[in-house]
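Okay, structure first, notes after.
As the structure is a prediction and not an experimental result, all values here were calculated from the model.
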Amino acid sequence: MKKKFFLYCLFAFLLNVTMFAQDNYNDFILQLESENYYLSCYFDVLKSQNREYLRNYDKYSNVFDDEKWEEPEGWVIHNWYEEFFFYFEKIEASRDLDQSIFNNNLVLGGVFIIEIESLIQDDKTIIHFTELGKGNEETWYNSTLLDWKILRKTNSNSFVLVKDGDYLKVYYDEDKMYPFAEYARMNKETFEQFKNLIYYNTCDLSRVTWPSHADGTCDYDDEIKPPEVQLSDNDSVAEEEEESATPSDTFSENEEDIETVEENVPVVKQTSSLPLVIIVASAVILLLCIVIILIVRKKKKQ
């Protein structure tokens with residue numbers, strides 16, 4: 001009886017530790033998702049103002065395949081760039097149909113998912129992972145602009161994430177640090193312009209916020225600027241009033257753009273050792289188990 005009770009307590013202890021670890025990895029994934037990291041090549045496509053420019057990154061990818069669907073009016077060809085047929089590759093959590101999160105599962109682009117096994121973070125983030133959803137390799141690996149085949153060839157199961165201002169660079173093999181992918185923050189308005197470019201092959205570059213590096217430089221400094229507008233007398237008065245506004249008045253109007261160019265902020269200070277909250281919670285549970293065992297023993301002696 002004592003052995004069974006002890007095993008139950010041990011199982012509860014291990015379950016508690018596992019659940020805490022999963023929650024912590026999920027927090028890390030959700031925080032990455034909230035920063036809106038899309039493939040950085042999307043900004044190159046925006047600058048070109050031509051959706052076909054995207055083919056330069058992998059012309060053999062089936063991302064560009066048109067699809068033939070049987071619909072009530074007959075067979076219909078859907079172009080690769082149509083809404084609902086183009087997948088915007090972003091770092092995000094993996095979710096079920098009801099939007100519930102699959103614990104520790106991270107999507108880096110396309111339909112390929114990794115499961116985080118361990119996470120070490122300081123000035124850079126090291127992720128050890130297991131590859132999920134391999135499926136049919138030829139179809140699977142070609143459904144993204146990322147070169148997933150290189151991971152299979154090298155048997156790599158580790159990624160290193162390094163922040164550089166609005167950019168996030170991903171390397172595979174923590175020892176060799178081979179470049180794998182590059183992402184950049186994209187705010188809501190910029191994403192809308194990119195969607196317009198993909199769906200309709202048109203965009204307004206004056207509404208795009210270009211990413212910058214940690215040193216303040218921007219790869220798109222030569223990008224066209226919005227044309228100057230000739231102001232009437234009434235407009236000049238309005239402009240003077242706007243310039244005299246307090247910083248708090250103008251901040252809210254530009255908050256979204258400021259968010260996308262904020263300085264490099266660590267995601268989560270987390271190392272391979274269990275966080276303090278896990279240790280404390282686990283110690284409390286273990287202590288309760290010991291107290292219960294002592295009480296049971298005392299009652300039996302009486």
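- Checked against the 6.0 Å centroid threshold, Phe86 and Phe88 count as a close aromatic pair.
- Between Leu32 and Tyr37, the shortest heavy-atom distance links the atoms O-CD1, 3.9 Å.
- For the atom pair Leu161 CG and Gln121 CD, the distance stands at 8.5 Å (nearest 0.5 Å).
- Once rounded to the nearest 0.5 Å, the distance linking CH2 of Trp210 with CG of Asp221 reads 11.0 Å.
- Membership of the apolar cluster around Leu30 extends to Ile101, as traced through chained side-chain contacts below 4.5 Å between ILVMFWY residues.
- In this view, Tyr167 and His213 satisfy the ring-ring contact (aromatic ring centres under 6.0 Å, His included) rule, not counting sequence neighbours.
- Thr154 is not listed as a side-chain neighbour of Asp173, based on a closest heavy-atom distance of 4.5 Å or more.
- Residues Glu92 and Leu106 share a closest heavy-atom pair of O-CD1, 3.6 Å.
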Before giving the answer on side-chain hydrogen bond (donor to acceptor under 3.5 Å, both in side chains), spell out for Asn103 and Asn26 the whole-Å C-alpha distance, their side-chain angles and the decisive distance to 0.1 Å. CA-CA 6 Å; Asn103 284 333; Asn26 288 345; 2.5 Å; yes
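- Rounding to the nearest 0.5 Å places CD of Glu192 at 13.0 Å from CG of Leu197.
- When side chains are defined from C-beta on, Trp75 counts as touching Glu70, because their heavy atoms get closer than 4.5 Å.
- A search for side-chain hydrogen bond (donor to acceptor under 3.5 Å, both in side chains) contacts involving Ser100 returns Asp98, not counting sequence neighbours.
- With Glu189 contributing its side chain and Arg207 its backbone, the two residues share no donor-acceptor pair below 3.5 Å.
- A distance-only check finds a donor-acceptor pair linking the side chain of Tyr183 to the backbone of Leu108 [under 3.5 Å].
- In this view, Glu52 and Arg55 satisfy the salt bridge (Lys or Arg N to Asp or Glu O under 4.0 Å) rule, not counting sequence neighbours.
- Using a 4.5 Å heavy-atom cutoff, the side chains of Asn50 and Asn201 are in contact.
- Tyr53 places no side-chain N or O within 3.5 Å of a backbone atom of Lys47 that could act as its donor or acceptor partner.
- Between the Asp166 side chain and the Ser212 main chain, a donor and an acceptor come within less than 3.5 Å of each other.
- The closest side-chain heavy-atom distance from Ser118 to Tyr25 is below 4.5 Å.
- Note: Phe43 CZ to Tyr220 OH = 7.0 Å, rounded to the nearest 0.5 Å.
- With a 4.5 Å cut-off on side-chain heavy atoms, Leu145 and Leu39 count as touching.
- Side-chain contact between Ile150 and Tyr178: absent, with no pair of heavy atoms (C-beta onward) separated by less than 4.5 Å.
- The backbone N or O of Ala214 lies less than 3.5 Å from a partner atom in the side chain of Asp164, making a donor-acceptor pair.
- Residues passing the salt bridge (Lys or Arg N to Asp or Glu O under 4.0 Å) test with Glu67, sequence neighbours excluded: none.
- Asn105 contributes no side-chain N or O that, together with a main-chain N or O of Glu115, makes up a donor-acceptor pair within less than 3.5 Å.
- A donor-acceptor pair under 3.5 Å is absent between the side-chain atoms of Ser94 and the main chain of Val107, judged by distance alone.
- One N or O on the side chain of Ser40 and one on the backbone of Glu182 form a donor-acceptor pair closer than 3.5 Å.
- Taking CD of Glu82 as the reference point, atom CG of Asp66 lies at 8.0 Å (rounded to 0.5 Å).
- The two residues Val63 and Thr144 have their closest heavy-atom pair at CG2-N, 3.9 Å.
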Verdict with supporting geometry, Thr217 and Asp215, side-chain hydrogen bond (donor to acceptor under 3.5 Å, both in side chains): CA-CA 6 Å; Thr217 59; Asp215 61 4; 2.6 Å; yes
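- Put simply, the side chain of Glu33 reaches to within 4.5 Å of the side chain of Lys90, judged on heavy atoms.
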Show the numbers, then the answer: is there a side-chain contact (heavy atoms from CB on, under 4.5 Å) between Phe180 and Tyr171? CA-CA 5 Å; Phe180 176 71; Tyr171 303 87; 5.8 Å; no
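- Each of Phe85 and Leu54 belongs to its own hydrophobic cluster when Ile, Leu, Val, Met, Phe, Trp and Tyr are linked at side-chain heavy-atom distances under 4.5 angstrom.
- When the options Tyr42, Tyr200, Tyr199 are evaluated for a ring pair (Phe, Tyr, Trp, His ring centres under 6.0 Å) with Phe194, the one that passes is Tyr42.
- Between the side chain of Asn36 and the main chain of Asn187, no donor-acceptor pair closer than 3.5 Å is present.
- Looking at heavy atoms from C-beta onward, Gln49 lies in side-chain contact with Cys203 at the 4.5 angstrom threshold.
- Side-chain contacts under 4.5 Å among hydrophobic residues (ILVMFWY), followed directly or transitively, place Phe102 with no other residue at all.
- Proximity of a side-chain donor or acceptor of Asn79 to a complementary backbone N or O of Tyr81 within less than 3.5 Å is not detected.
- Put simply, OG1 on Thr209 and CE on Met186 are 10.0 Å apart, with the number rounded to the nearest 0.5 Å.
- Shortest non-hydrogen contact noted between Val160 and Glu174 is CG2-CA, 3.6 Å.
- Among all heavy-atom pairs drawn from Val45 and Tyr57, the shortest one is CG2-CE1, 4.4 Å.
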